[in-house]
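Okay, so here's the structure we're looking at.
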Amino acid sequence: RTCGMSEGKQEEDPRMELQRKKVGLSRQILQLDSQVSMKKRAVKATDLTIKELANIDSKTKTYRAVGRMFLFTPLPEVRDGLGDFMEKTNEEIKKLESKQRYLEKEAKKLSKEIEDAEESSTGG
């Protein structure tokens, strides 16, 4: 009897392991989705800021936040910094979305493997 129980446990382990992997992938996908959403909001806010700054004379004194203080920064430099931030953030979004697509494909593969494992255990 002990041998029979251990054999049943061994059959279950691969399916349980696949389920655990799938849960882990799902968690990673949700985290990536959250990160993408946050970065897209930041891009949208930065875009609005750039549009507002476009209406301001380039000789206007501007300041940017650095930690707990504000430093005088010429407006063209502020605009350049915001543009660089948007460019960098858009690249990060592309990378995160690519990684998310990859993980979604892996999750589909795991789902198929789980289905196959369940079919083979019930069919055999």
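Just so it is clear, the structure is predicted and the values come from calculations on it, not from any experiment. Position 1 is the first residue of the sequence; numbering continues from there.
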Note to self: To the closest 0.5 Å, what do you measure between CD (E77) and CG (L71)?
What the structure shows: 10.0 Å
Checklist line | Neighbour count >12 (heavy atoms, 6.0 Å) for atom CD, E104 | finding: yes
Check: K109: what forms a salt bridge (Lys or Arg N to Asp or Glu O under 4.0 Å) with it, not counting sequence neighbours?
Finding: E106
Margin query: Are D116 and K112 packed together at the side-chain level, in the sense that at least one heavy-atom pair is separated by less than 4.5 angstrom?
Written below: yes
Note to self: Please report the interatomic distance CG(L103) to NZ(K99), rounded to the nearest 0.5 Å.
What the structure shows: 6.5 Å
Would you list the atom pairs, donor with acceptor, under 3.5 Å between side chains in residues 32-44 and any protein atom, with sequence neighbours excluded?
from	atom 1	to	atom 2	distance (Å)
S37	OG	D33	O	3.1
K39	NZ	E92	OE1	2.8
K40	NZ	E97	OE2	3.2

Checklist line | Pairing residues for S111 by the side-chain hydrogen bond (donor to acceptor under 3.5 Å, both in side chains) criterion, not counting sequence neighbours | finding: K22
Next item on the list: State which residue, out of T60, I56, T49, T62, fulfils the side-chain contact (heavy atoms from CB on, under 4.5 Å) condition with V78.
Entry: T62
Next item on the list: Answer yes when E17 and R20 have at least one side-chain N-carboxylate O distance shorter than 4.0 Å, and no when they do not.
Entry: yes
Next item on the list: Just grab all the salt bridge (Lys or Arg N to Asp or Glu O under 4.0 Å) pairs involving residues 45-69, residues at least two apart or on different chains.
Entry: D47-K51
Notebook entry, point to check: Taking only residues at least two apart or on different chains, which pairs with a member in residues 65-114 satisfy ring-ring contact (aromatic ring centres under 6.0 Å, His included)?
Noted result: Y63-F72
Check: With the threshold set at 4.0 Å, does a side-chain nitrogen-carboxylate oxygen contact exist between K88 and D84?
Finding: no
Margin query: Rounded to the nearest 0.5 Å, what separates atom CG in L82 from atom CG in L48?
Written below: 11.5 Å
Checklist line | Shortest non-hydrogen contact between P76 and S58, atoms and distance | finding: CD-O, 4.0 Å
Note to self: Minimum heavy-atom separation for I29 and A107, please, with both atom names.
What the structure shows: CD1-CB, 4.3 Å
Check: Sequence neighbours excluded, which residues qualify as salt bridge (Lys or Arg N to Asp or Glu O under 4.0 Å) partners of K94?
Finding: E91
